[in-house]
Amino acid sequence: MSKRAVRILLIVVVILGGLFVGADRLAVGFAEDEVADKLRTSEGLSETPDVSIKGFPFLTQVVGGTLDDVEIGIKDYDATSGSDKIRIADLNARMQGVEFSGDYSSATAEKATGTARISYDELLKESQGEPVKLPLGATGKVVGLSDGGDGKIKVEVEVSKGGVKLPKPVHVLSSVRVEDDTIKVHADEIPKNLEVMGVTIPLPEGLVRDVTDFEEKVGGLPGGIKIDEVKAAQDGVDISVKGTNVKLAG
């Protein structure tokens with residue numbers, strides 16, 4: 001074969017390769033939009049989620065009917081907490097082994113892992129109930145949650161007696177864990193007593209824990225994923241999620 005023929009052949013190969021890559025990228029962009037729209041509809045999202053289909057080439061994955069790796073980002077998601085809602089922020093999930101129908105109306109991932117966050121304001125809604133009665137006519141109520149450092153939550157308790165609030169709130173450091181989709185906050189140590197307006201109020205641990213300790217069940221996450229781990233952080237509780245046979249649509 002002459003040098004000129006080789007040169008022409010190489011040019012043709014490069015052009016065809018470019019056309020294939022271009023077609024592949026157009027196809028993946030279309031698929032990402034379709035999956036995002038289906039996910040928004042099936043989960044009742046207020047905004048269209050970010051969907052990124054990984055792997056190249058995409059078209060060979062389509063022929064096989066399974067996508068190797070799909071990343072999904074949801075800015076805000078309203079999960080359930082009893083009869084109420086709890087806002088889950090920055091939910092990012094990686095779906096692997098995603099089988100789908102030809103029109104993307106149904107898609108199921110073999111497994112999924114991800115991260116998200118629940119702000120302290122969201123958790124505070126659950127902890128804020130009616131003031132709990134303490135000895136000698138005092139009452140206590142959680143009024144704030146924040147980062148306590150070293151994976152702890154700082155719980156701020158407002159104490160009142162005779163309708164008068166204590167000048168300074170009481171703070172306790174609490175551990176956080178998850179059990180059966182329920183986030184549990186438990187004070188590491190309870191103060192034995194408290195000085196209120198010159199009066200020493202004994203603090204029975206059981207009564208005080210009715211104020212400081214609380215839990216929140218979180219359900220209804222996308223596709224049936226579950227909370228796996230939780231950790232107190234600067235802006236809220238960081239959570240990791242996982243699941244198997246996770247439905248993205250359909």
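What you see below is based on every heavy atom in this structure, not just the backbone, and it leaves out hydrogens, waters and symmetry mates. Numbers here are sequence positions counted from 1.
For the pair Pro135 and Pro204, the minimum side-chain heavy-atom distance is below 4.5 Å. Side-chain contact between Met95 and Glu71 is absent, with no heavy-atom pair separated by less than 4.5 Å. Asp238 has its side chain out of reach of Val230: every pair of non-hydrogen atoms, C-beta onward, lies at least 4.5 Å apart. In this structure, Val157 and Pro169 have side chains that are not in contact, with every pair of non-hydrogen atoms separated by 4.5 Å or more. In this structure, Val155 and Leu145 have side chains that are in contact, with non-hydrogen atoms separated by less than 4.5 Å. Considering only heavy atoms from C-beta on, Asp76 stays 4.5 Å or farther from Ser46 through its side chain. Proximity of Thr212 to Ile190: side-chain heavy atoms (C-beta onward) are separated by under 4.5 Å at one or more points.
Checked against side-chain hydrogen bond (donor to acceptor under 3.5 Å, both in side chains), Ser240 has no partners two or more places apart in sequence or in another chain. Contacts of Arg177 classified as side-chain hydrogen bond (donor to acceptor under 3.5 Å, both in side chains), with partners at least two apart in sequence or in another chain: Glu179. Remark: Lys152 engages Ser175, Asp188 in a side-chain hydrogen bond (donor to acceptor under 3.5 Å, both in side chains) (not counting sequence neighbours). Applying the side-chain hydrogen bond (donor to acceptor under 3.5 Å, both in side chains) rule to Asp213 yields the partners His186, Arg209; only residues at least two apart in sequence or on another chain are considered.
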(request) Check step by step if side chain to side chain contact (heavy atoms under 4.5 Å, CB included) holds for Ile227 and Leu221. (result) CA-CA 9 Å; Ile227 296 179; Leu221 292 174; 3.9 Å; yes
(message) Applying side chain to side chain contact (heavy atoms under 4.5 Å, CB included) to Val246 and Thr108, what does each step give before you reach the verdict?
(response) CA-CA 5 Å; Val246 176; Thr108 302; 5.9 Å; no
(request) Could you please spell out the steps behind the side chain to side chain donor-acceptor pair (under 3.5 Å) verdict for Thr182 and Glu215? (result) CA-CA 7 Å; Thr182 300; Glu215 59 185 46; 5.4 Å; no
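Nearest heavy atom pair, residue Tyr120 against residue Ala232, reads OH-CB, 3.7 Å.
With respect to the salt-bridge test (charged N to carboxylate O, under 4.0 angstrom), the residues Glu47 and Lys75 do not qualify.
Atom NZ of Lys141 is separated from atom OG of Ser160 by 9.5 Å, given to the nearest 0.5 angstrom. To the nearest 0.5 Å, atoms OG (Ser146) and NE2 (His171) are separated by 6.5 Å. With values rounded to the nearest 0.5 angstrom, Lys217 atom NZ is found 11.0 Å from Ile183 atom CD1. Here the straight-line distance linking atom CD of Glu189 with atom CD of Glu205 works out to 9.5 Å at 0.5 Å rounding.
With hydrogens and angles disregarded, a donor-acceptor distance shorter than 3.5 Å links the side chain of Ser119 to the backbone of Glu122.
Within the structure, salt bridge (Lys or Arg N to Asp or Glu O under 4.0 Å) contacts touching residues 222-237 (residues at least two apart or in different chains) are Asp181-Lys226, Asp228-Lys242. Sorted by first and then second residue, the salt bridge (Lys or Arg N to Asp or Glu O under 4.0 Å) pairs involving residues 89-99 (not counting sequence neighbours) are Asp69-Arg94, Asp90-Arg117.
Between the side chains of Lys54 and Ser52, at least one donor N or O sits under 3.5 Å from an acceptor N or O.
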